[in-house]
Amino acid sequence: MITLTSIQTLRSVDEERSALRHNNEELYTLWTHAVQLTRKLQLRYQSLCSLLQPSGTLPADVEALPDSVRRLYIEEVQKLRRQADDEQLQHFIQTLSPEEQEAFCAMTAGATPESIKGLKK
């Protein structure tokens, strides 16, 4: 039963991701770019979500980047924050648990709810 609830939650997050993709393509394109950059720099997806929050604290893995790479990464995330002026993406991310934020990013990068849970589709 717990797996069923968890997979349902992941599917719900995936539906929200699809809605964002269809309702605001430009924002979704910037979001996808930020997720892919996060992945290529081998940072935690949670770090990206943390940078979108108004708290302003720099995650440890981002701080560990060389200065020039860190500045580039932060600039790209800032582009995303500026585009999300209606706060649609920021509000959505804040409503997710840390695990759901990771899943949201992973699904943006191509994972499915089933692959995240380790289930065969």
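Of all heavy-atom pairs spanning Glu63 and Leu58, the tightest one is OE2-O, 3.3 Å. Between Leu51 and Thr57, the closest heavy-atom pair is CD2-O, 4.3 Å. The two atoms that bring Pro113 and Met107 nearest to each other are CG-SD, 3.8 Å, heavy atoms only. Smallest separation of non-hydrogen atoms from Gln101 and Leu96: NE2-O, 3.5 Å.
One finds the CG atom of Leu27 at 13.0 Å from the CZ atom of Arg82 (value rounded to the nearest 0.5 Å). In this structure, CD on Glu75 lies 14.0 Å from CG on Leu80, to the nearest 0.5 angstrom. Note that the OG atom of Ser47 and the CG atom of Leu52 stand 11.0 Å from one another [nearest 0.5 Å]. Between atom CD1 of residue Ile116 and atom CD1 of residue Ile7 there is a gap of 8.0 Å, rounded to the nearest 0.5 Å.
Residue pairs meeting the salt bridge (Lys or Arg N to Asp or Glu O under 4.0 Å) criterion with at least one member in residues 89-106, sequence neighbours excluded, do not occur. Identified under the salt bridge (Lys or Arg N to Asp or Glu O under 4.0 Å) test for residues 40-52, with sequence neighbours left out: Arg44-Asp61. Applying the salt bridge (Lys or Arg N to Asp or Glu O under 4.0 Å) test to pairs two or more places apart or on separate chains, those with a residue in residues 15-27 are Asp14-Arg17.
Val69 is listed as a side-chain neighbour of Leu41, based on a closest heavy-atom distance under 4.5 Å. Within the 4.5 Å cutoff, the side chain of Leu48 has no heavy atoms near those of the Leu37 side chain.
For Tyr45, there are no side-chain hydrogen bond (donor to acceptor under 3.5 Å, both in side chains) partners, not counting sequence neighbours. Residues passing the side-chain hydrogen bond (donor to acceptor under 3.5 Å, both in side chains) test with Ser115, sequence neighbours excluded: Thr112. Evaluation of the side-chain hydrogen bond (donor to acceptor under 3.5 Å, both in side chains) rule for Gln36 yields no partner, not counting sequence neighbours.
In terms of hydrophobic clustering, with Ile, Leu, Val, Met, Phe, Trp and Tyr side chains grouped at heavy-atom distances under 4.5 Å, Ile74 and Ile93 are assigned to a common cluster.
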Please report the C-alpha distance between Leu30 and Glu76 in whole Å, then the side-chain angles of each, then the deciding distance to 0.1 Å, and finally whether the side-chain contact (heavy atoms from CB on, under 4.5 Å) criterion is met. CA-CA 8 Å; Leu30 286 171; Glu76 293 302 312; 5.9 Å; no

Walk me through it: do Glu114 and Lys117 pass the test salt bridge (Lys or Arg N to Asp or Glu O under 4.0 Å)? CA-CA 5 Å; Glu114 290 78 14; Lys117 289 303 294 175; over 6 Å; no

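Looking only at distances, a side-chain donor or acceptor of Thr32 sits under 3.5 Å from a matching main-chain atom of Tyr28. Using a distance-only test at 3.5 Å, with no hydrogens or angles considered, a donor-acceptor pair links the side chain of His22 to the main chain of Ser18. Between the side chain of Thr108 and the main chain of Phe104, a donor-acceptor pair closer than 3.5 Å is present.
Within 6.0 Å of the CZ atom in Arg39, the count of heavy atoms belonging to other residues, nucleotides or ligands does not exceed 12.
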